[in-house]
K.L.:
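Shown below is the structure under consideration.
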Amino acid sequence: GTCTFQDDPSKKKKALCRYDFFQQGPNVVLSIYAKKVDPEQCSILIGPRQLRLSILFDFVNSFSLDVVLSGAVHPPACKVEILAPKVEITLKKADGSSWAELGTLVTQDEDDQ
């Protein structure tokens, strides 16, 4: 007999990742739980009031997040670490205030092209 694959394993698939954040002094630390993240396929943009990211993990899964942050951050002092079980983003608060939440998600109408 023959075996045929219905899914194209080379196509990226949108997936959900669990993420959370905590505050530690002047920083907000965001953890995105995704294994086998490809650093070459990650895009993380940190602006004074916005965080945008897109990551590829498990070879074919993609996850995107676009957030208007609850407070201002100092982008040059922020850092990103890609670790085995997660992506960790440390945001340096501009004013040191306490955040009740990470921010407001920006929803996008995406057309697959």
K.L.:
Main chain of Glu101, side chain of Ser70: is a donor-acceptor contact present, judged purely on distance under 3.5 Å?
P.N.:
yes

K.L.:
Please lay out, stage by stage, how Val73 and Lys92 fare under the test side chain to side chain contact (heavy atoms under 4.5 Å, CB included).
P.N.:
CA-CA 5 Å; Val73 298; Lys92 173 78 171 157; 5.8 Å; no

K.L.:
Shortest non-hydrogen contact from Leu69 to Gly47?
P.N.:
CD1-O, 4.4 Å

K.L.:
Nearest 0.5 Å, what's the OG-NZ distance between Ser54 and Lys14?
P.N.:
10.0 Å

K.L.:
Restricting to side-chain hydrogen bond (donor to acceptor under 3.5 Å, both in side chains), what partner residues turn up for Asp20, sequence neighbours left out?
P.N.:
Tyr33

K.L.:
Taking atom CD as the centre, does Gln24 end up with more than 12 heavy-atom neighbours from other residues, nucleotides or ligands that are less than 6.0 angstrom away?
P.N.:
no

K.L.:
To the closest 0.5 Å, what do you measure between OG1 (Thr104) and CD (Gln50)?
P.N.:
10.5 Å

K.L.:
Leu51 and side chain to side chain contact (heavy atoms under 4.5 Å, CB included): which single residue from Leu45, Ile44, Asp66 fits?
P.N.:
Ile44

K.L.:
Tell me the closest heavy-atom pair linking Tyr19 and Leu30, and the distance in Å.
P.N.:
CD1-CD1, 3.9 Å

K.L.:
If every non-hydrogen atom of Glu88 is compared with every non-hydrogen atom of Ser31, which pair is closest and at what distance?
P.N.:
OE1-OG, 3.7 Å

K.L.:
Do any N or O atoms from the side chain of Asp38 and from the backbone of Glu40 form a donor-acceptor pair under 3.5 angstrom?
P.N.:
yes

K.L.:
If I compare all heavy atoms of Cys78 with all of Ile46, which pair ends up nearest, and what's the gap?
P.N.:
CB-CD1, 3.8 Å

K.L.:
How long is the gap from NZ on Lys79 to CG on Leu91, to the nearest 0.5 Å?
P.N.:
12.0 Å

K.L.:
Starting at CZ of Phe22, measure out to CG of Asn27 and round the result to the nearest 0.5 Å.
P.N.:
9.0 Å

K.L.:
Only one of Val87, Val37, Leu53, Leu56 clears side chain to side chain contact (heavy atoms under 4.5 Å, CB included) with Phe63; which?
P.N.:
Leu53

K.L.:
Would a hydrophobic clustering, with Ile, Leu, Val, Met, Phe, Trp and Tyr connected at side-chain separations under 4.5 Å, put Leu16 with Leu102?
P.N.:
no

K.L.:
How close do Trp99 and Gln23 get, counting heavy atoms only, and between which atoms?
P.N.:
O-NE2, 2.5 Å

K.L.:
Side-chain heavy atoms nearer than 4.5 Å, only ILVMFWY residues, links allowed to pass through others: does that put Val29 and Val67 together?
P.N.:
no

K.L.:
Between CG of Leu65 and SG of Cys17, what distance do you get to the nearest 0.5 Å?
P.N.:
9.5 Å

K.L.:
Take Ile32 and Lys86, measure what side chain to side chain contact (heavy atoms under 4.5 Å, CB included) needs, and give me the verdict at the end.
P.N.:
CA-CA 5 Å; Ile32 300 160; Lys86 65 184 175 179; 5.9 Å; no

